[in-house]
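One structure is given below, encoded as structure tokens.
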Amino acid sequence: MITMVIGVMHGPTRIPLATVLDRLFSPNASINSVIIWEIRLPAVLAAVLVGGGLAVAGAVMQALLKNPLADPYIVGASAGASFGAILAEDLLPSMGLMAPAAFVGGLCAVMISYLLSRGRGITSMLTLILAGYAVGVILTSVTTFLMLLNRADLSTIFAWEVGGINGVTWSEVLISLIFIVISLAIIWPFASDMNALLLGEEQAHHLGVPVRRVQLILLVAASLLTAAAVYLSGLIGFVGLVIPHIVRRLNGPNHRQLLPLAFLFGAAFLTLANVVANSIPVIGPIPVGLVTAFLGGPYFLYLLVRQNQRRGGLTP
Amino acid sequence: MTSPLMLELQAVTYRWSTTSKAFGPITSSAPPGQFIGLIGPNGAGKSTLLKLIAAFWARESGTIRVQGRDISDFKASERARRVAFVPQSLDTQFDLTVREVVELGRLSQLSWRERLQFKGTGKTARLEEILITTGLDHLEHRPYNTLSGGEAKRALLAAALVQEAPLLLLDEPTAHLDPGHAMKFLELVRNMVDHKQTTVVMAYHDLATVGLYVDMLWVMDQGQLVLTGTPEEVLTNPLIRSIYDTDLIEVRHPRTQRPMLLFP
């Protein structure tokens, strides 16, 4: 809540706290009121939804794949979304279909990876990662090819790939909100099943988890969550990877607490990152995806190094 | 219709791939409250049989019934309330605490309301009691993956006990345990069989101690169930020597007079 208020205050034009609170509760026709209600508030809500959604999606993917280095995009969602976005830009330019196409593209890519990795018995999550990687590489190469063909759109696509949340409208926020609420409602009852999945698919089976069905449900819900976030903001990196880790370090991996906390932390983090992105002196606002990557990248490296050290000898 | 039998296997076969060697057909059964030791050399099919009973692997043909009902007719949560499984070992990259691992035993018993709560699965008297009997009460907040081998085994057993399943499958539960911890573990299981009428099927390797704890022995060799009977009958049967291809020495436990087989 506090970061949300800060988020509303900051932007290319600063609006004092008192005015923010005043206009929030009694909107009028003043310029500040318009800025707050039509520009800042949708952007802040978008940051909350995208940050929270990506963090939960990341936590779910990490549990599903039993891999702490998984992120919401790992099984092809990002590549599919980029492909959808560029396809929409190339085929139907100026229709504003980039975001919906990205939404559909992301979902489709994940489903293709899943279907490819489905084998006899229980779907191997390692195969899913590899299939997702392969699908991702293929889609990315096609996307790059399309980008080279059509240079006029390069900057639009590029800005989208980096990820930013300024300029969103209320209707976009509302659409995304609906999908995010639906996915969260699907995911939540399975919090304990996700704890069981951390012990491996076989043990989860013995504990009474219908492993295959739960994996599919969670994969679909997490992809929906990711797609809804991508729809609003483009590809914002590292929130989905880093936030679940920070929450696990603070409060352990129990999903009954991890999921809600990840949403809160993710929401707060992205709202603040957006404030930072909007407050860069001289250059002016930059895409928030750059800020999260700049903060998240070094932390990701630190995690990798730490995990290598663990494997290297401290634990057998 | 309830069957007096806990576990019934009828002509169960399994095939890993079309080229793999035959497994089964295996036919056997167990009443409630029986402790069964499943012995046989490496690769005999002990773990396979346990995974088939637990419906983790799908049999090729035959029937597997638990309490009179086919194992594949159960929903996952119904099955987990009847069959619990303690694996040989379990690795996790995530720092779940001992309590969180043990609490997962209640997963199949959770109501929809409990599933929606933010708090854990809640304290139940039964869970606290199991933490104490398995000697884990002082370790409950430790991360599971920092436990010693014996402690980790007890945590997995505790989770299985919380499941309150009448059929318990153990896959070489005392591997990597020192003799003292192994003995305590087996006594814990024996106690459960005697007091809760649990049926236990335990894959096991040590022919010297197995006869001291179990009621029945099932002997497997090359995917077949070749011999069943009480420890007295099985361990004195000459067939056991040819299965292990060793001239095993038969001795008697000095106190209980139960048979023990030692490797020469």
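All values derive from a computational prediction rather than experimental measurement. Chain A is the first sequence line, chain B the second, and so forth, proteins listed ahead of strands; every chain is numbered from 1.
The distance from the NE2 atom of H255(A) to the CD atom of E100(B) is 10.5 Å, given to the nearest 0.5 Å. Atom CD in E202(A) sits 4.0 Å away from atom CZ in F56(B) (nearest 0.5 Å). Expressed to the nearest 0.5 Å, how far CG of N254(A) lies from CG of D95(B) amounts to 12.5 Å. From F94(B), atom CZ reaches atom CD of Q62(A) across 6.0 Å, with rounding to the nearest 0.5 Å. Put simply, CH2 on W188(A) and CZ on R115(B) are 11.5 Å apart, with the number rounded to the nearest 0.5 Å.
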Stepwise, does the side-chain contact (heavy atoms from CB on, under 4.5 Å) test hold for L207(A) with S108(B)? CA-CA 7 Å; L207(A) 289 167; S108(B) 59; over 6 Å; no

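Among residues two or more places apart in sequence or in another chain, the salt bridge (charged side-chain N to carboxylate O under 4.0 Å, His left out) test is passed with E172(B) by none. Residues meeting the salt bridge (charged side-chain N to carboxylate O under 4.0 Å, His left out) test with R142(B), sequence neighbours left out: E151(B).
Chosen from A58(B), A76(B), A80(B), the residue pairing most often with chain A at heavy-atom distances under 4.5 Å is A76(B). Heavy-atom pairs under 4.5 Å with chain A were tallied for A55(B), A84(B), A159(B); the largest tally goes to A55(B).
In this structure, R256(A) and E114(B) approach most closely via the heavy-atom pair NH1-O, 3.0 Å. Residues L96(B) and P253(A) come closest through the heavy atom pair N-CG, 3.5 Å.
In this structure, the portion of K51(B) lying under 4.5 Å from any heavy atom of chain A is its side chain and not its backbone. Heavy atoms of P260(A) lying under 4.5 Å from chain B belong exclusively to its side chain. In this structure, chain B has no heavy atom under 4.5 Å from any part of A191(A). For chain A, no part of W57(B) is nearby; none of its heavy atoms comes within less than 4.5 Å. Within the 4.5 angstrom heavy-atom criterion, no atom of R213(A) approaches chain B.
More than 12 heavy atoms of other residues, nucleotides or ligands lie within 6.0 Å of CZ in F74(B), so this atom counts as buried by the packing criterion. In the displayed structure, D137(B) atom CG is contacted under 6.0 Å by more than 12 heavy atoms of other residues, nucleotides or ligands.
Using the six-membered ring where Trp is involved, H206(A) and F85(B) have ring planes that are parallel, under 30° apart on the 30 and 60° scheme.
For the pairing with Q203(A), the side chain to side chain contact (heavy atoms under 4.5 Å, CB included) check across L90(B), T92(B), V101(B) returns one residue only, L90(B).
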